[in-house]
Amino acid sequence: MSERPDLGQAMREALPVYDAPAALQAWAREEARKTDSAPQSHRQLTGRTSRVALLLSRWQFAAGLVIAAAAGWAGASLRSPDRISSITSETANALVDTHVRSMLPGHLMDVQSSDRHTVKPWFAGKMDIAPAVVDLTEKGFPLLGGRLDYVDGHPAAALVYGRRKHTINLFVWRSAGAEPPSGSSSVRGYSLLHWTSGGVSYWAVTDASPSDLEAFREAYVGSGL
C-alpha cells in the first residue's frame with residue numbers, strides 16, 4: 001500500500017509566509033505600546049498583547065490557505081516530476097527487498113559468468129523473454145552473472161553487474177498493462193531507475209550513487225541490445 005503524502009508538512013515547506021500589511025503591523029505596535037504605558041489599573045486584560053500576536057498569526061495562516069486553495073493543493077498528489085510516482089511505491093519496495101535478499105550468501109547468482117554468451121543462453125526456456133545481456137566492463141560495469149527471481153507477483157530475470165565495490169541488480173520482465181512512467185527514485189537508501197523498451201520493463205537497483213546508476217542505464221541502453 002502506497003504511503004500517503006504528508007500534506008501539512010508539504011504545505012509548510014512549499015507555501016510562502018506573508019507578513020501582515022504595514023497598517024496592521026503599525027496598529028499592533030500601537031496597541032502593545034498603549035498596554036505597556038498604561039497604569040496598572042488599565043491592565044486588566046493581561047492577555048491583550050497575546051491576542052494581537054494571535055491575530056497576526058491567524059492572518060498569516062489564512063493567507064497561506066488562500067494560496068494553497070488557489071494552487072489546487074487540496075487532495076492533490078505531491079510528487080517531483082523526475083521521480084517515480086508514489087503509485088509505484090509498492091513495486092519499488094518489493095524491488096529493494098529483493099535486492100537486499102540477493103546480497104545474502106548464495107543468493108546473488110544462479111549463473112556466475114562475465115561472458116554474455118554464457119549468461120544469455122542460461123535464461124532460455126526459463127522466461128517468456130530473452131533479456132538482453134551485455135558486458136559493460138569497458139564502461140565500468142562488469143557483468144557478474146544472472147539469476148531467476150520473483151518480484152511484485154511475477155517472475156523476473158535479474159542481471160547482475162558490478163560497480164567498484166557495489167552491486168547493481170537489473171530486473172527485467174515483460175511489460176503487462178499500464179507501465180509506470182520512467183524515472184528515478186530512492187527507497188531506504190537504495191537508488192532505483194526504471195525504463196521500458198520494446199514491451200519490456202527494466203528496473204535497476206543498487207546502493208551505489210544515483211549518478212552511477214544513470215551512467216549504467218546509459219551504457220546498457222547505448223549498447224544497442
Quiz prompt | Residues W195, W203; criterion side-chain contact (heavy atoms from CB on, under 4.5 Å); working and verdict | solution = CA-CA 7 Å; W195 72 94; W203 288 85; over 6 Å; no

Quiz prompt | Residues Y220, L159; criterion side-chain contact (heavy atoms from CB on, under 4.5 Å); working and verdict | solution = CA-CA 11 Å; Y220 184 86; L159 303 179; 4.0 Å; yes

Quiz item: Given the rule in the side-chain contact (heavy atoms from CB on, under 4.5 Å) test, do V172 and V200 qualify, once you have shown the distances and angles that lead to the verdict?
Solution: CA-CA 7 Å; V172 184; V200 178; 3.3 Å; yes

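Between the side chains of S102 and N169, at least one donor N or O sits under 3.5 Å from an acceptor N or O. Looking at D149 and T98, their side chains never bring a donor and an acceptor atom within 3.5 Å of each other.
The two atoms that bring S209 and S211 nearest to each other are OG-OG, 3.0 Å, heavy atoms only. Residues T196 and S182 come closest through the heavy atom pair N-OG, 3.9 Å. Looking at every heavy atom in both residues, P155 comes nearest to W173 through O-CB, 3.7 Å. Here the closest non-hydrogen pair linking L193 and S184 is CD1-CB, 3.7 Å. S191 and A208 get closest at one heavy-atom pair: OG-O, 3.3 Å. Between H107 and R101, the shortest heavy-atom distance links the atoms CB-O, 3.5 Å.
Between F141 and Y161, the ring center distance fails the sub-6.0 Å criterion.
The aromatic rings of H99 and Y190 sit perpendicular, their planes meeting at an angle over 60°, well past the 30° parallel limit.
Residue L144 belongs to a hydrophobic cluster whose other members are M103, L108, M109, V160, with links defined by side-chain heavy atoms closer than 4.5 Å.
S113 contributes no side-chain N or O that, together with a main-chain N or O of G145, makes up a donor-acceptor pair within less than 3.5 Å.
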Tell me which donor-acceptor pairs under 3.5 Å the side chains of residues 123-138 have, and how far apart each pair is, sequence neighbours excluded?
{"unit_1": "K126", "atom_1": "NZ", "unit_2": "W122", "atom_2": "O", "d": "2.6"}
{"unit_1": "D135", "atom_1": "OD1", "unit_2": "T137", "atom_2": "N", "d": "3.2"}
{"unit_1": "D135", "atom_1": "OD1", "unit_2": "T137", "atom_2": "OG1", "d": "2.6"}
{"unit_1": "D135", "atom_1": "OD1", "unit_2": "L143", "atom_2": "N", "d": "3.1"}
{"unit_1": "D135", "atom_1": "OD2", "unit_2": "T137", "atom_2": "OG1", "d": "3.1"}

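Rounding to the nearest 0.5 Å gives a distance of 12.5 Å between CZ of R174 and NE2 of H154. For the atom pair CG (L95) and CD (E90), the distance works out to 11.0 Å, reported to the nearest 0.5 Å.
Remark: Q112 engages no residue in a side chain to side chain donor-acceptor pair (under 3.5 Å) (not counting sequence neighbours).
Hydrophobic clustering, with ILVMFWY side chains joined whenever heavy atoms are under 4.5 angstrom apart, groups V221 together with Y202. Hydrophobic clustering keeps Y150 apart from V205 (ILVMFWY residues linked when any side-chain heavy atoms are closer than 4.5 Å, directly or through intermediates).
Using a 4.0 Å cut-off between charged nitrogen and carboxylate oxygen, R188 and D97 count as a salt-bridge pair.
L213 is listed as a side-chain neighbour of I168, based on a closest heavy-atom distance under 4.5 Å.
The salt bridge (charged side-chain N to carboxylate O under 4.0 Å, His left out) with D212 is formed by just one residue from the set K165, R217, R164; it is R164.
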